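A short write-up of the structure that comes next.
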Amino acid sequence: MKLWDELKGNFVAFKDKSRTVKMYVCGPTVYDTPHLGHLKTYTVYDALAKYLKFSGYSVLYIQNITDIDDKIINRALEIRDDPMSLSEKYTKEYMDIMRKAGIDSVSFYAKATRSVPDIINQIRVLERRGFVYRLPDGMYFRVWMDRNYGVLSRQVPENQVSGKRAKVSELKEDPRDFVLWKFRKPGEPYWKSPWGDGRPGWHVEDSAIILRYLGTSFHIHGAGADLKFPHNESELSLMRCMKGNSNICKAWTYSGVIRINGEKMSKSLNNGISAREILDKYSVEAIRYAFLSSNYSSEMDFSWGMMDEASQNVSYLNRAFTRIRTMKHGAVEIGARNYAETFFGYLDDNFNTRMALVTLYEVSSEIFKHEEISEDEAGILNKMFMVGQEVLGVIRNHESISIEPGTVVSLLELRKRLKQMKMYGESDSIRSALSESGIIVEDSGEDVTWFKER
RNA sequence: GGACAGGUGGCAGAGAGGCGAUGCGUGGGACUGCAGAUCCCAUCUACUAGGGUUCAAAUCCCUACCUGUCCUCCA
């Protein structure tokens with residue numbers, strides 16, 4: 001499989017399946033409930049990790065949780081809560097959302113507060129090498145010492161400075177310098193360090209966690225596109241200064257930001273839709289379909305209409321999958337092998353989930369045109385749809401049925417007999433009763449299919 | 001102002017020099033006790049504008065305009 005590397009601006013190929021793919025994705029700052037943007041990014045990387053596993057790699061997938069930060073402290077102050085219990089609450093909330101969204105491929109969540117020793121170690125090393133200086137409010141990183149600062153975001157130094165909106169401390173040696181260790185203020189949570197009590201800066205948190213769990217050489221770095229500068233730039237700079245060269249991560253990848261009414265969804269614009277809200281309104285499969293139906297790196301306009309469309313498409317794929325598994329085996333061939341090749345080809349090509357879904361859709365419509373299919377092809381199609389179910393997560397798992405399947409079958413037997421006697425009122429009431437318990441019954445001629453709704 | 005992405009049919013969104021992807025929507029039809037589902041047909045001078053390169057450009061080059069992201073916390 002190949003992925004686009006934003007740092008070098010080229011594709012990198014993954015071939016060696018004996019190697020563990022090491023993957024890092026920037027996690028959330030837990031001071032509020034997650035919104036759609038979080039959900040989108042983590043869905044994309046969840047699917048990617050699962051696809052790599054499916055392809056035969058073992059995957060080590062680390063994500064951080066920023067559970068100490070200015071925003072957490074400020075929010076806690078606002079609502080007169082303790083910062084640590086606030087971040088704990090929203091960490092639980094985040095985990096709950098992830099579980100509900102079927103995102104379960106992360107090997108380990110590294111909390112910032114649990115990584116303080118690693119962070120201190122990193123600052124120490126950097127200090128020894130002369131990258132660190134002290135100001136009254138904290139320890140700072142000397143950006144000018146890293147000549148390559150700016151390569152990731154292609155920001156020339158003048159631009160890093162000319163952002164006139166940033167209020168830069170007069171005391172900093174260079175306006176670009178950022179804080180590694182922030183000294184405590186009264187009432188704030190703090191940790192002990194060689195420089196004084198305080199807490200870690202944001203950028204060094206990620207670089208320390210990466211170094212600790214993945215080392216100075218890993219494969220995939222993922223984040224929302226809005227984190228590229230200054231966060232990832234600084235994170236990369238720190239790792240570079242630790243290692244001495246830039247060969248740290250093979251593929252810097254970005255998940256395109258979600259827009260709503262043409263603007264980025266963000267807290268400051270107050271145009272966010274919470275992850276919880278959408279999970280209440282739509283099935284996990286529909287949500288994942290919506291997110292995976294555009295390229296992971298491109299921006300995405302969100303609308304409720306697109307969610308409805310995704311729901312419909314998911315339902316179509318589900319029906320097709322049911323049909324594949326219940327179809328008679330015969331001589332008919334639809335070119336399943338070609339479809340499968342195309343399907344996996346797209347996924348291997350920079351994880352083009354959109355086109356993979358289109359392929360799944362085309363296969364589905366082919367399936368509905370025939371009454372039977374060869375056993376061989378049924379097997380191939382089954383494999384494709386299993387990937388749709390377990391990797392992309394856009395196909396419902398049919399096993400979770402609330403009523404005993406045996407009960408359903410006997411009710412349908414009864415209904416069939418009633419229909420033969422043309423007692424339609426009675427047969428329809430069985431159908432609607434089942435529908436109320438979430439079982440949809442559909443006739444097509446003599447054949448009856450049933451499945452769980454939602 | 002700078003950097004980086006884009007501008008494609010009613011909408012969403014691929015493609016990337018020569019066959020009008022795909023889905024949704026809309027109109028018609030088939031099937032059907034009903035409902036649902038599914039299928040078939042139709043919806044077509046689609047590629048922001050203006051120049052250029054070419055036998056051929058939505059696709060390459062230049063210019064302009066427009067939109068978004070980042071340059072402040074952000075997934």
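The chains referred to below are lettered A, B, ... by the order of the sequence lines, with proteins before strands, and numbering in each begins at 1. Quick caveat, the model's predicted, so the values are computed rather than measured.
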Checklist line | Sugar-phosphate, base or nothing in reach of A/I258, heavy atoms under 4.0 Å | finding: base
Notebook entry, point to check: A/S266 near the nucleic acid: base, sugar-phosphate alone, or nothing, with a heavy-atom cut-off under 4.0 Å?
Noted result: base
Checklist line | Sidechain N-carboxylate O distance under 4.0 Å for A/D81, A/K89 | finding: no
Notebook entry, point to check: Given the side-chain rings of A/F368 and A/Y316, with only the six-membered ring counted for Trp, is the space between their centroids under 6.0 Å?
Noted result: yes
Notebook entry, point to check: In whole Å, what is the span from the OH atom of A/Y361 to the P atom of B/G23?
Noted result: 6 Å
Note to self: At less than 3.5 Å, do the side-chain atoms of A/D443 and the base atoms of B/G36 form a donor-acceptor pair?
What the structure shows: no
Note to self: For A/D137, is there an ion pair with A/K172 - N to carboxylate O distance below 4.0 angstrom?
What the structure shows: no
Checklist line | Neighbours of RNA chain B within residues 30-37 of chain A, by heavy-atom distance under 4.0 Å | finding: A/H35, A/G37
Next item on the list: Go through residues 61-75 of chain A and report each residue with a non-hydrogen atom lying under 4.0 Å from RNA chain B, sorted by number.
Entry: A/K71
Report all interatomic pairs (protein N or O, nucleotide N or O of nucleotides 30-32 of chain B) with separations under 3.5 Å.
none

Notebook entry, point to check: Under 6.0 Å from the CD atom of A/E371, do we count more than 12 heavy atoms belonging to anything else shown?
Noted result: no
Margin query: One character per nucleotide, please: for nucleotides 4-15 of chain B, 5' to 3', B when the base has a protein heavy atom closer than 4.0 Å, S when only the sugar-phosphate does, - otherwise.
Written below: S--------SS-
Detail all sub-3.5 Å separations between protein N/O atoms and N/O atoms belonging to nucleotides 38-42 of chain B.
from, atom 1, to, atom 2, distance (Å)
B/C39, OP1, A/Y316, OH, 2.5
B/C40, OP1, A/K369, NZ, 3.1

Margin query: Is the terminal nitrogen or CZ of A/K228 (NZ for Lys, CZ for Arg) located under 6.0 angstrom from the six-membered ring centre of A/Y254 and within 45° of that ring's axis?
Written below: yes
Notebook entry, point to check: Any donor and acceptor pair, going by atom type alone, linking the side chain of A/K419 with main-chain N or O of A/D428 inside 3.5 Å?
Noted result: no
Check: Aromatic rings A/H203 and A/F178: how do their planes relate, parallel, tilted or perpendicular, breaks at 30° and 60°?
Finding: perpendicular
Check: Which of these nucleotides, B/C71, B/C34, B/G25, is closest to any side-chain atom of A/P230?
Finding: B/C71
Check: How about A/Y94 and A/Y42: are their ring centroids closer than 6.0 Å?
Finding: yes
Note to self: What I want to find out is whether A/D96 reaches A/R276 closely enough, with some N-O distance under 4.0 Å, to be called a salt bridge.
What the structure shows: yes
Next item on the list: Dot-bracket for RNA chain B, please, read 5' to 3', with Watson-Crick or G-U wobble pairs under 3.5 Å on both distances, ( ) within the strand, [ ] crossing, | other strand, . unpaired.
Entry: (((((((..(((.....[...)))((((((.......))))))....(((((..]....))))))))))))....
Notebook entry, point to check: Above 12 or not: heavy atoms from other molecules or residues under 6.0 Å from CG of A/N10?
Noted result: yes
